[in-house]
Amino acid sequence: MAKKRPEDLRSHRWYGVKDLRAFGHRSRTKQMGFDDVDYAGKPVIGIVNTWSGINPCHAHFKERVESVKRGIFQAGGFPVELPAMSLSEPMVKPTTMLYRNFLAMEAEELVRSHPIDGVVLMGGCDKTTPALLMAAATMDLPTIFVPAGPMLRGNMRGQPLGSGSDAWKYWAELRAGRIDEPTWIEVEDGIARSPGHCMTMGTASTMTSISETLGMTLPGAASIPAADSNHSKMAVASGRRIVEMVWDDLKPSDILTPASFRNAVVADMALGGSTNAIIHLVAMAGRAKVPLALADFDAISRGIPVLANIRPSGKYLMEDFYYAGGLRGLLTRVKDALDLDCLTVNGRTLGENLEGAGVYDDDVIRPRDNAVYAEGATAVLFGNLAPSGCVIKPAAAEAHLLQHRGPAVVFEDYNDMAARIDDPALAVTADSVLVLKNAGPVGGPGMPEWGQLPLPRKLLEQGVRDMLRISDARMSGTSYGACVLHVAPESAVGGPLALVREGDEIEIDVAGRALRLHVSDEELARRRAAWKAPAPHYGRGFGALHAKHVTQADAGCDFDFLADGPAVPEPEIH
Ligand code: FES
């Protein structure tokens with residue numbers, strides 16, 4: 001394609017014209033200590049930086065953004081840092097998912113309203129990656145993603161600790177009285193010991209790997225640990241590359257295609273990725289106007305084994321994955337299922353980027369004939385309890401619960417569950433099915449990660465470590481267990497989950513992809529007639545906007561007015 005000329009740049013409308021407004025833009029840029037030589041006729045690169053003083057996963061972004069700027073200057077661009085909401089997964093309440101669309105909207109408007117020609121997105125902590133890529137797909141300016149990189153593996157007494165997964169595990173041991181308080185504090189001290197996102201195959205590692213597979217990062221970028229010097233070099237190289245992408249006019253719409261999304265789902269399944277990835281991929285595909293349905297995940301899942309032996313489905317951590325060859329190594333093992341002609345941000349195809357990649361540890365990245373899980377990293381189920389679908393991660397569940405029938409123990413909401421789950425009088429056995437209502441996109445609100453319901457203490461003490469659990473919530477990608485998630489439509493909008501009562505028989509058949517509530521249609525109709533919607537959580541502000549416009553899990557939980565509608569025009573410059 002023809003190279004852009006300086007007068008073709010979007011920023012030319014701000015800087016290049018001879019009028020009073022452009023005079024203002026130039027003089028105000030000079031006010032910041034820049035001269036013509038710094039910016040005139042050069043691509044202005046917006047660096048959307050999700051650093052904050054309370055996001056440990058992005059603690060290194062203050063340094064990394066300087067690396068990105070160095071690369072941009074090296075290549076003859078002009079970097080402009082645009083701070084955006086950080087979405088610190090452990091700190092933001094009630095849940096970061098309530099604000100994913102907020103960040104997507106903010107990033108879109110930041111880019112649209114400023115004289116930006118190309119974009120570097122800096123994210124990694126769970127929701128930041130999909131939010132930023134949703135904005136990128138909508139704005140469709142040349143964009144490159146710089147993933148935060150996983151933190152180093154945790155350590156306690158010489159044993160590795162994994163983000164999230166080992167917190168849940170040792171918390172259950174503490175509640176069961178099998179470890180003491182000082183040991184628990186040692187876990188706290190050792191589980192997060194460097195900058196970077198969670199280093200299990202949680203949502204962060206899944207989504208950054210997906211962004212690389214889609215072609216939105218430089219090859220190899222997603223697997224580099226945050227603390228590794230190669231991470232800084234990758235950030236510099238990304239800065240250099242975005243300037244070339246602007247001149248070449250290489251945009252997300254050239255990269256985010258039906259084939260690249262299919263590749264992303266293949267990678268997700270081979271990684272044993274987080275269930276959250278399904279919601280985010282559907283939302284991202286929606287922004288790119290690529291059709292992607294829950295059924296597509298299930299179909300691809302059946303043919304792709306889990307090869308990444310990473311917790312929570314496997315044994316190792318992301319640092320081990322990097323040394324074993326990382327995502328590029330893994331993708332060589334599912335090459336036959338990938339469309340290798342897909343274009344990526346470096347201007348080369350996915351296939352070209354995989355040249356020379358290898359696997360250096362067959363236990364961390366398994367060969368196809370020795371998979372961690374033969375097929376179906378994520379199974380999509382349908383039935384009268386989830387007419388629009390729900391998901392389960394069979395690889396992270398005890399096998400006997402994948403075909404199960406039992407009586408429901410029903411919790412009306414999270415507080416009800418928290419108040420009663422450890423009650424010795426709770427009528428529950430290992431065969432019961434724990435049901436949590438009002439934890440979906442509207443009901444949570446924001447679809448919190450409550451889907452891994454804690455097991456009742458009295459069953460933990462009996463040695464029970466997994467039970468069938470069903471909710472309209474999500475689950476942390478670092479969680480595990482027989483948890484049916486994302487039940488749609490959710491209970492707060494009147495989905496069938498709202499009608500489940502104590503003792504109702506529920507049956508799951510993962511092989512048959514079915515979830516059934518054994519209650520007659522007539523009885524369900526009677527219950528529906530008596531059902532009342534819960535009171536809204538918010539009367540004003542973003543929470544009220546969210547409740548009004550968020551779509552259900554099967555549609556990606558985007559806002560209806562962001563997913564659909566005509567393109568927003570370029571701003572007038574007056
Ligand atoms: Fe940021 Fe897990 S807390 S990725």
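Ligands are counted one by one from 1 in listed order, and the atoms in each one are counted from 1 as well. All values reported here derive from a predicted model rather than from experimental measurement. All heavy atoms count here, side chains included; hydrogens, waters and symmetry mates do not.
Classified by interplanar angle (parallel below 30°, tilted 30° to 60°, perpendicular above 60°), the ring pair Phe561/His549 is perpendicular. Using cut-offs of 30° and 60° for the angle between ring planes, the Phe559 and His546 rings count as perpendicular. In this structure, Trp171 and Trp184 have tilted ring planes: the angle between them lies in the 30° to 60° band.
A donor and an acceptor atom, one from each side chain of Asn263 and Thr213, are nowhere located under 3.5 Å apart.
Closer than 4.0 angstrom to ligand 1 sit non-hydrogen atoms from Cys57, Glu89, Pro90, Cys125, Asp126, His197, Cys198, Ala204.
For Phe542 and Phe102, the ring centers sit closer than 6.0 Å to each other.
Taking 4.0 Å as the cut-off between side-chain N and carboxylate O, Asp413 and Lys437 do not count as a salt-bridged pair.
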